[in-house]
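All remarks here apply to the structure that follows.
Quick caveat, the model's predicted, so the values are computed rather than measured. Letters A, B, ... are given to chains in the order of the sequence lines, protein chains preceding strands, and every chain is numbered from 1.
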There are 2 protein chains.
Amino acid sequence: MTASETLTASLEDYMEAIFHIIAEKHAVKPRDIARRLKVSYASVTGALRSLADKKMINYTPYDLITLTETGEAAAKDVVRRHEVLKDFFVEVLGVRDADADNAACRMEHSIPKVLVDRFVKFVEFVETCPRGGDKWIKGFMYQCDNKGPQENCEKCISTCLDEVRGHMRRGGAKTMETSKLKDLKPGQKCKVLKVRGRSEANRRVLEMGVTPGSVIELERVAPLGDPIDIKVKGYHLSLRKDEAEGIDVEII
Amino acid sequence: MTASETLTASLEDYMEAIFHIIAEKHAVKPRDIARRLKVSYASVTGALRSLADKKMINYTPYDLITLTETGEAAAKDVVRRHEVLKDFFVEVLGVRDADADNAACRMEHSIPKVLVDRFVKFVEFVETCPRGGDKWIKGFMYQCDNKGPQENCEKCISTCLDEVRGHMRRGGAKTMETSKLKDLKPGQKCKVLKVRGRSEANRRVLEMGVTPGSVIELERVAPLGDPIDIKVKGYHLSLRKDEAEGIDVEII
DNA sequence: CATTATAATTAGTCTTGCCTAAGTATTTAC
DNA sequence: GTAAATACTTAGGCAAGACTAATTATAATG
Ligand SMILES: [Mn+2]
Ligand SMILES: [Mn+2]
Ligand SMILES: [Mn+2]
Ligand SMILES: [Mn+2]
């Protein structure tokens, strides 16, 4: 029982780095990790040994590095915390991408689970609530740039009035134009309306958090439309064509 | 030049503890710090030496501990980061007080200045913007409790309509009932409308961040109405009666 | 294939920050 | 005013996590 089951902030960063390198290069060597984290080779070797002790990676000297089952889960969890924080900083607080990324990677290690979930829900809420949304965040940005209470408050409110009226005329949040997930372009966001079918594929999709009401963002589509990379509740997810087929969405 | 000018997370926590103990007991002894941070006496002694090296505290063995000029500034800065984060977690995300406090005290050490400022502005925005505010946050809480998109969306929107109409009828954000700061009850929040006069006292107040548009919360009033403790932009501030006199506010 | 260049590991050092145990100072109690 | 209790410091140890320097393994090159 020499190994503890929780990772330190430093080791989490190593896991994160390994995860990302695997995602883009398939093979991981100490060199890549050292470059990415800006530490010496010696430090990497030390960290790798420590991670191997904790059963997070498969590591024998001079060999390729892979993640274990538990290691992959741990890495994904760190990445998620990073993404969730960054998302909030960029989408809601309007912080510059690089700053957000930096801050997220430092704060990701100390944020508890309850808060991660709240952040996810909050971003989702801001993006879907007819009282919040795009215009509302713009109002906040305006206030940030001009320090002091916003001058365009009236304009903002009348816009809100129009939008809210339109929303109610359409019958609340119930009726809206539905699209297929595959019709989205990379970068676009949508709200899930329905996940049709009850196949094994659909079950997996639902388990992953693609449930009615959740907001997902299309990250990229492979040349032939398969697979489709999306982000949902801070998780990256790769869907096969048939899995994406049965998902009805509303483009935001 | 044996001492560095930046504090580690651990030392920041010691500074925070010292600051709070001073605020409530006037004198600081290692015992108090050890109890508060749940560390051994030996650890406290070590930290105190380190902080003295860095010119943050005045410390000689067996003597009372006080903050230096720079130490007080550093301590206030940590406390502010803590408060700002906690405020957001409680007021906007609706996290339980103890959880929020815990998370804040772990994350406070890694949040950069730009983000702290953004958090302050965002909470202020949510609390003052007629499109945001109380009802809007309640909508979020509802969504949190019931996981899934909110059912009371229509009700929320019609409330919004009413509020926004009322707001416009009153002539936008311009005209509203003004009160004096001293009329507030502890716990109440208000938005600063005007800081009258240009005396030395007023200058100090403005410098501290009590500027038109900012949101302040009354923490407590001493028996004779002097001094008045308030919280503004994450800072705690103690105002004398004459300083509070010239501040016009709108109760939120 | 031998040589050189690069990558990786090992060995050893340093700092931070915690601990326990032991010794010293101060306070409290009688 | 001495004895006992409590508070505080010192000494020494340990783990994490970085580093440099030296050594060894692998890859590249002619
Ligand atoms: Mn990260
Ligand atoms: Mn990180
Ligand atoms: Mn704190
Ligand atoms: Mn802290």
Side-chain angles (χ1 to χ4, degrees), chain A residues 1-18 21-22 25-66 71 74 78 105-106 108-110, chain B residues 1-18 21-22 25-66 71 74 78 105-106 108-110:
Chain A
M1 200 67 51
T2 168
S4 154
E5 47 289 299
T6 51
L7 297 175
T8 62
S10 172
L11 290 185
E12 281 194 347
D13 278 339
Y14 281 99
M15 290 300 287
E16 207 184 5
I18 291 169
I21 294 165
I22 285 179
K25 292 187 53 178
H26 208 70
V28 184
K29 294 182 160 206
R31 195 181 107 101
D32 308 314
I33 303 174
R35 250 217 314 257
R36 202 177 186 103
L37 297 183
K38 289 180 182 132
V39 294
S40 69
Y41 287 128
S43 301
V44 174
T45 306
L48 292 178
R49 272 220 280 244
S50 184
L51 289 174
D53 268 7
K54 294 175 168 48
K55 314 280 187 204
M56 290 290 165
I57 60 172
N58 303 114
Y59 168 68
T60 41
Y62 298 105
D63 223 356
L64 288 185
I65 299 147
T66 55
V78 183
C105 206
R106 303 207 288 132
E108 72 198 359
H109 311 290
S110 44
Chain B
M1 199 65 54
T2 166
S4 155
E5 48 286 300
T6 50
L7 297 175
T8 62
S10 173
L11 291 185
E12 280 193 347
D13 279 339
Y14 281 98
M15 291 299 287
E16 207 184 5
I18 292 169
I21 294 166
I22 286 180
K25 292 187 55 179
H26 209 70
V28 184
K29 295 182 158 204
R31 197 182 109 99
D32 307 314
I33 303 173
R35 249 218 312 257
R36 203 178 186 101
L37 296 184
K38 289 179 181 132
V39 293
S40 69
Y41 287 117
S43 300
V44 174
T45 307
L48 291 178
R49 272 221 279 246
S50 184
L51 289 174
D53 269 8
K54 294 177 169 43
K55 315 279 185 205
M56 291 290 166
I57 61 173
N58 304 116
Y59 168 69
T60 41
Y62 297 105
D63 222 356
L64 288 186
I65 299 147
T66 55
V78 183
C105 206
R106 302 206 289 132
E108 70 196 1
H109 310 291
S110 45

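- The nearest whole Å value for the distance from the NZ atom in A/Lys54 to the C1' atom in D/dA15 is 10 Å.
- As a whole-Å value, the separation of B/Glu12 CD from C/dG17 C1' is 15 Å.
- A/Leu64 has its CG atom 18 Å from the P atom of D/dA25, to the nearest Å.
- For A/Ser40 and D/dC19, the shortest distance from a side-chain N or O to OP1 or OP2 is below 4.0 Å.
- Between the P atom of D/dA7 and the CZ atom of B/Arg35 lies a distance of 8 Å, rounded to the nearest Å.
- The shortest distance between the side-chain N/O atoms of A/Ser50 and the OP1/OP2 oxygens of D/dA16 is not below 4.0 Å.
- Within 4.0 Å of B/Ser43, counting heavy atoms only, lies at least one base atom of the nucleic acid.
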Check residues 58-66 of chain B and write down every donor-acceptor pair under 3.5 Å in which the side-chain atom is one partner and the other belongs to a residue at least two apart or another chain.
residue, atom, partner, partner atom, Å
B/Asn58, OD1, B/Thr66, OG1, 3.0
B/Thr60, OG1, B/Asp63, OD2, 3.3

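- For the salt bridge (Lys or Arg N to Asp or Glu O under 4.0 Å) test, residues two or more places apart in sequence or in another chain that qualify with A/Arg36 are A/Glu24.
- What separates CG of B/Asp13 from C1' of C/dT16 is a distance of 14 Å, to the nearest Å.
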Chi angles and distances behind the side chain to side chain contact (heavy atoms under 4.5 Å, CB included) call for B/Ile57, B/Val28: CA-CA 11 Å; B/Ile57 61 173; B/Val28 184; over 6 Å; no

What pairs of donor and acceptor atoms, side-chain ones from residues 37-47 of chain B against any protein atom, are under 3.5 angstrom apart with sequence neighbours left out?
residue, atom, partner, partner atom, Å
B/Ser40, OG, B/Ser43, N, 3.2
B/Ser40, OG, B/Ser43, OG, 3.1
B/Thr45, OG1, B/Tyr41, O, 3.2

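- Atom-to-atom distance recorded for B/Asp13:CG and B/His109:NE2 is 3.5 Å, nearest 0.5 angstrom.
- Nearest approach of B/Ala74 to B/Met56, heavy atoms of both residues: CB-SD, 3.9 Å.
- Rounded to whole Å, the distance from CG on A/Leu7 to C1' on D/dA16 is 13 Å.
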Contacts under 3.5 Å, N or O only, protein and nucleotides 6-13 of chain C:
residue, atom, partner, partner atom, Å
C/dA7, OP1, A/Arg31, NH1, 2.6
C/dA8, OP2, A/Arg31, N, 2.9
C/dT9, OP1, A/Tyr59, OH, 2.4
C/dT9, OP1, A/Tyr62, N, 3.4
C/dT9, OP2, A/Thr45, OG1, 2.9
C/dT9, O4', A/Tyr62, OH, 3.4
C/dT10, OP2, A/Arg49, NH1, 2.7

